[in-house]
There are 2 protein chains.
Amino acid sequence: MQDSSHHHRPFASAIERLRAAGLRPTRQRLSLCRRLFEGGQVRHVTAETLHSEVLAAGVKVSLATVYNTLHQFTKAGLLREVVVDGAKTYFDTNTSSHHHFYDVEHGDLLDIGGEGIIIEGLPQPPDGATVERVDIVVRVRRPSRD
Amino acid sequence: MQDSSHHHRPFASAIERLRAAGLRPTRQRLSLCRRLFEGGQVRHVTAETLHSEVLAAGVKVSLATVYNTLHQFTKAGLLREVVVDGAKTYFDTNTSSHHHFYDVEHGDLLDIGGEGIIIEGLPQPPDGATVERVDIVVRVRRPSRD
DNA sequence: GTGTTTGCAAAGTGTTTGCAATTTA
DNA sequence: TAAATTGCAAACACTTTGCAAACAC
């Protein structure tokens with residue numbers, strides 16, 4: 001059995017998490033923060049999905065603020081941007097090195113833990129280029145019943 | 001030394017290539033086709049870059065037609081769409097299974113041949129999902145001299 | 001109070017579409 | 001001539017931005 005002591009230290013509250021990120025705990029940021037991190041599970045959201053989620057919960061936040069907040073969270077290291085689709089931007093609450101299944105039909109993302117994955121045969125990056133990150137996207141199609 | 005007899009059979013002409021794809025060889029499609037495939041090298045274009053290229057060469061084509069043509073070529077198997085950036089769509093003349101270096105700074109793409117690459121440890125796709133394609137994107141940063 | 005954050009609406013970017021005019025076979 | 005293709009301009013989806021009002025400390 002593996003220990004999980006390397007998990008991120010759980011924050012006592014969303015306020016604490018925001019403070020640690022150097023962001024004022026405003027009403028809007030608090031509800032977004034709670035929604036993203038307090039379920040305890042990895043989440044994949046777009047600005048739109050997160051926005052309608054908080055709206056449905058009765059919290060008033062503008063879409064522009066959701067966009068801004070997602071980027072602030074990303075810059076602060078709380079989120080990670082995932083590029084799998086030309087149209088929309090996904091944000092992942094899992095910020096550790098890992099990969100993704102992407103359901104091209106429904107637009108669903110599923111994490112693939114980065115631990116067991118080994119890529120063999122990758123050539124050296126060109127010139128003096130430094131590798132920033134290696135992303136694997138497994139594009140899958142789930143048969144839709146029609 | 002490896003033989004290269006598995007390369008795509010070279011087409012006598014752009015006309016022939018279009019016919020084989022079931023597309024009428026119009027003036028616009030012909031110049032786009034020539035530009036894409038007659039250099040003999042792998043190319044990575046966006047609608048914008050290809051459009052300004054043909055314009056610069058004195059050929060009159062509308063941007064809308066470039067978009068439509070790129071998608072027709074893709075559907076016909078002449079091109080492959082590459083998703084590396086949320087903003088723009090790249091098209092690759094290399095349609096075989098392979099991967100990419102992506103210069104996040106300059107937006108440049110570079111192919112990584114698919115032959116030597118082995119990914120170990122990928123879990124089974126969820127449910128009855130079928131894998132459509134596995135993409136590796138190595139995001140690199142080339143230091144810009146300032 | 002002072003600097004930060006918000007919301008709105010407008011602007012921006014890349015892409016798609018409807019349709020009349022043109023071109024191809 | 002009949003069917004396919006083009007170009008334009010308008011529509012589109014998603015995202016960013018400018019700025020006055022609201023808010024946090």
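These figures come from a predicted structure and were not determined experimentally. Letters A, B, ... mirror the listed sequences (proteins, then strands); counts begin at 1.
- Side-chain proximity of B:Arg29 to D:dT5, C:dT6, D:dT17: nearest is D:dT5.
- Salt-bridge annotation for A:Glu132 and B:Arg142: absent, with no side-chain N of the basic residue lying under 4.0 Å from a carboxylate O of the acidic one.
- Helical stems of DNA chain D (runs of at least 3 Watson-Crick or G-U pairs, donor-acceptor distances under 3.5 Å) are listed by first residue: C:1-25 with D:1-25.
- Regarding contacts with the backbone of C:dT23, every side-chain N or O of B:Gln28 stays at 4.0 angstrom or more from both OP1 and OP2.
- Following rounding to the nearest Å, A:Arg24 (CZ) and C:dG3 (P) show an atom-to-atom distance of 11 Å.
- Among the protein residues, A:Ala64 comes within range of the nucleic acid bases, having at least one heavy atom under 4.0 Å from a base atom.
- Residue B:Arg19 places none of its side-chain N or O atoms closer than 4.0 Å to OP1 or OP2 of C:dT24.
- No side-chain donor-acceptor contact under 3.5 Å links A:His71 and A:Asn68.
- The phosphate of D:dT15 (OP1 or OP2) has a side-chain N or O of A:Tyr67 nearer than 4.0 angstrom.
- As rounded to whole Å, 13 Å separates atom C1' of D:dC14 from atom CD of A:Glu81.
- Side chains of A:Asp135 and A:His100: no donor on one and acceptor on the other come within 3.5 Å.
- Checking B:Asn94 against B:His44 by side-chain atom types alone, no donor-acceptor pair falls below 3.5 Å.
- In this structure, B:Lys75 atom NZ and C:dT16 atom P are separated by 12 Å, rounded to whole Å.
- In this structure, NE2 of A:His71 is placed 4 Å from P of D:dT16, rounded to the nearest angstrom.
- Residue contacts shown for B:Thr89 are limited to sugar-phosphate atoms, with no base heavy atom under 4.0 Å away.
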